[in-house]
Enquirer: 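Pasting a structure here, questions to come.
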There are 2 protein chains.
Amino acid sequence: MGVKCRNCPIRKLPLFDPMTSDEVEFMEHFKVGELSISPGAPILSEGGNTPQIYTALSGMGLRYKLLEDGRRQVISLVLPGDFIGLQAGVMNQMTHSVEATTSMRLCVFDRSELWNLFRTQPERAFDLTWLAANEERFLGEALAALGQRDAYELLAWALARIWRKLEALQMTNGDTTSLPYRQQDLADAMGLSLVHTNKTLAKLRAARLAIWADGKLTVPDIEELEEAGLCRDTPLGSRPLI
Amino acid sequence: MGVKCRNCPIRKLPLFDPMTSDEVEFMEHFKVGELSISPGAPILSEGGNTPQIYTALSGMGLRYKLLEDGRRQVISLVLPGDFIGLQAGVMNQMTHSVEATTSMRLCVFDRSELWNLFRTQPERAFDLTWLAANEERFLGEALAALGQRDAYELLAWALARIWRKLEALQMTNGDTTSLPYRQQDLADAMGLSLVHTNKTLAKLRAARLAIWADGKLTVPDIEELEEAGLCRDTPLGSRPLI
DNA sequence: CGCTATTTTGAACACCGTCAATCGCAGTGG
DNA sequence: CCACTGCGATTGACGGTGTTCAAAATAGCG
């Protein structure tokens, strides 16, 4: 059934708050298994109500919503350590879908045990609320980005945010990291057309702010990129892991 | 110090989940007072860390973020029953500001008691997480709206959502309701210019889908408006009140 | 060597932003 | 009573950012 939480590959990253041995023990009870899925596979569907909720262990995915006419809005990326299915857990209803972009490994929890978590582990419950509030924070920022920035600023903002997150996850290697999404994915996240996204990425490349090609992102100078993206906020401190 | 929770003017609305007498009692302990503020007054500031968190009892307000160059993104409206300061409560940091648009009455809670809530009232803690997840749901929807809809669809969407919410709060009167915001507020919420917002509102008015003037919104047929706004989702069931 | 998915490029057009002026209204003070 | 002021709503003209349509490279894959 995969690794025990005490040997969790990502728990030790400095990005995540340390856990007491008591908490680790509870998590080992809460965890019911591991799931490996293939690129393109759906994880949760909008409107659905699955008995299982997850934490991403490895790989990358997408959260998105579909409009009836087929337009797609990518809400956020799913990266290791991200909790998947909070809405299903507390509201019995997903309002967006989640799918794997690369192959992924997921830590599986039993939704019906969530109430038990609130009853017996108030600190873990607090952490869960922290994660929800953090998601709200991110979406607020994204909303401000879509609403107020032009395409060039917007893509610089997005790539800078992604870079910082991958950096905190120690998934960068020098000035390069793997970013296995398609331009269409980023376009749908930014509310831009594919064509315009492509041309604007070319400008960022020409400016040597961010070079994204063949699934690899290279950022020569993250601070310059952040400046281009008007990234004022977000020191990105440590956070809980569920 | 204002009304006791047992006499709370909004708790009885069908929009809100019923509370056990035990919960009401806890809330009366949790509540430390009431606050009345004037139009335009700030409630919470981005970056701030106040000792107090609130629930709106009456009046209307705005959540917003400012970019360094003065551009403003309105995140959401604040209406009666809305919880204010969840981020400050769990993350010690507001990432947006909140201000009153009309005069407002707020129910005041002591932030330091929040941990006590998690420890002794798991159901209330669950409700708080529910509210956070709901906020995430709304912001995801808003993101999809800004990213995918054109100005006409977008404003129809926004006015329809507002109408449905006010309807659930029993603040509508026939086909009319009070909506005391400026066009600039809605423009900043939609990421549109004031001029274009004005012209698009004129089109909605000409189409007799939504007539908004002098602080009054009239919606002859909410379902037609929702259709114009591509509102597929959101039955808007009952929710907890903190 | 086709086949498909993705990226790239070009051209025409439209939605929306900016600039600028006007109008209505409420408040203020001469 | 009537300028004067300020705020918000409204309208017109013009230009630019971003969309749509279309086609051509490019790359992986059976």
Side-chain angles (χ1 to χ4, degrees), chain A residues 38-40 62 67 69-74 99 101-103 145-159 178-206 210-218 228 230, chain B residues 38-40 60 62 67 69-74 99 101-102 145-159 178-206 210-218 228 230:
Chain A
S38 316
L62 283 178
L67 277 70
D69 59 6
R71 284 179 279 184
R72 183 180 72 148
Q73 176 68 39
V74 169
E99 75 174 37
T101 298
T102 67
S103 62
L146 287 228
Q148 305 302 324
R149 284 173 240 253
D150 65 26
Y152 188 80
E153 296 168 339
L154 186 53
L155 285 171
W157 172 83
L159 292 174
S178 172
L179 192 66
Y181 296 94
R182 294 167 304 148
Q183 292 187 357
Q184 183 72 64
D185 295 325
L186 198 54
D188 287 346
M190 303 292 104
L192 297 171
S193 69
L194 172 60
V195 172
H196 198 61
T197 300
N198 178 286
K199 289 174 181 173
T200 308
L201 284 171
K203 282 186 195 169
L204 283 170
R205 203 179 306 134
I211 300 102
W212 181 30
D214 303 319
K216 303 279 173 217
L217 172 65
T218 300
L230 307 178
Chain B
S38 316
M60 300 187 186
L62 283 179
L67 278 69
D69 59 5
R71 283 180 279 184
R72 182 180 74 147
Q73 176 68 39
V74 168
E99 74 175 37
T101 298
T102 67
L146 287 230
Q148 305 302 324
R149 284 173 240 250
D150 65 24
Y152 189 80
E153 295 168 340
L154 186 53
L155 284 171
W157 172 83
L159 291 174
S178 172
L179 190 68
Y181 296 95
R182 294 168 303 146
Q183 293 188 353
Q184 184 71 62
D185 296 324
L186 197 56
D188 287 345
M190 303 292 104
L192 298 170
S193 70
L194 172 60
V195 172
H196 198 63
T197 299
N198 179 288
K199 289 174 180 172
T200 307
L201 284 171
K203 282 186 195 169
L204 284 169
R205 202 179 305 133
I211 301 102
W212 181 30
D214 303 318
K216 304 279 173 217
L217 172 66
T218 300
L230 306 177

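Quick caveat: nothing in here was measured; it's all calculated off a predicted structure. These numbers come from the heavy atoms of this one structure, side chains and all, not from hydrogens, waters or symmetry mates. Lettering of chains follows the sequences in order, A, B, ..., and the numbering in each one begins at 1.
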Enquirer: When the C1' atoms of the five terminal pairs at each end define the local axes, what inter-axis angle does the helix from C:dC1-D:dG30 to C:dG30-D:dC1 show, to 10 degrees?
Expert: 20°
Enquirer: For A:Ser178, what residues pass the side chain to side chain donor-acceptor pair (under 3.5 Å) criterion, not counting sequence neighbours?
Expert: none
Enquirer: Need two values: the first and the last nucleotide of DNA chain D, 5' to 3', having an atom under 4.0 Å from any heavy-atom of chain B.
Expert: D:dG8 to D:dA13
Enquirer: Is any side-chain nitrogen or oxygen of A:Gln184 closer than 4.0 Å to OP1 or OP2 of C:dT7?
Expert: no
Enquirer: State which residues pass salt bridge (charged side-chain N to carboxylate O under 4.0 Å, His left out) with B:Arg71; sequence neighbours excluded, sorted by chain then number.
Expert: A:Glu153, B:Asp69
Enquirer: Assuming nearest nucleotide by heavy-atom distance, tell me which of B:Ala202 and B:Arg182 is located more 5' along DNA chain D.
Expert: B:Arg182
Enquirer: Nearest heavy-atom pair of A:Trp212 and A:Tyr181: which atoms, and what distance?
Expert: CZ2-O, 3.3 Å
Enquirer: Could you state the interatomic distance from CG (B:Asp150) to CG (B:Leu155), rounded to the nearest 0.5 Å?
Expert: 9.5 Å
Enquirer: Who passes side chain to side chain contact (heavy atoms under 4.5 Å, CB included) against B:Leu146, sequence neighbours left out?
Expert: A:Leu143, B:Gln73, B:Leu154
Enquirer: Please name the pair of heavy atoms, one in B:Arg149 and one in B:Leu230, separated by the smallest distance, quoted to 0.1 Å.
Expert: NH1-O, 3.0 Å
Enquirer: List the protein contact pattern of nucleotides 10-22 of chain C with one symbol per nucleotide (5' to 3'): B for base contact, S for sugar-phosphate-only contact, - for none; contact means a heavy-atom distance under 4.0 Å.
Expert: BB----BSBB---
Enquirer: With sequence neighbours left out, what residues match A:Ser103 under side chain to side chain contact (heavy atoms under 4.5 Å, CB included)?
Expert: A:Pro39
Enquirer: I'd like a table of donor-acceptor pairs (distance under 3.5 Å, sequence neighbours excluded) in which one partner is a side-chain atom from residues 197-204 of chain B, with atom names and distances.
Expert:
unit_1   : atom_1 : unit_2   : atom_2 : d
B:Thr197 : OG1    : B:Ser193 : O      : 2.8
B:Asn198 : ND2    : B:Gln183 : OE1    : 2.9
B:Thr200 : OG1    : B:His196 : O      : 2.7

Enquirer: So which atom in A:Ala210 and which in A:Leu159 form the shortest heavy-atom distance, rounded to 0.1 Å?
Expert: CB-CD1, 3.8 Å
Enquirer: With a 3.5 Å cut-off and sequence neighbours excluded, list the donor-acceptor pairs that the side chains of residues 184-192 of chain B form with protein atoms.
Expert:
unit_1   : atom_1 : unit_2   : atom_2 : d
B:Gln184 : NE2    : B:Asp188 : OD1    : 3.1
B:Asp185 : OD1    : B:Arg72  : NH2    : 2.7
B:Asp185 : OD1    : B:Arg182 : NH2    : 2.9
B:Asp185 : OD2    : B:Arg182 : N      : 3.0
B:Asp188 : OD2    : B:Arg72  : NE     : 2.7
B:Asp188 : OD2    : B:Arg72  : NH2    : 2.9

Enquirer: Send over the distance from A:Lys216 NZ to C:dT7 P, rounded to a whole Å.
Expert: 15 Å
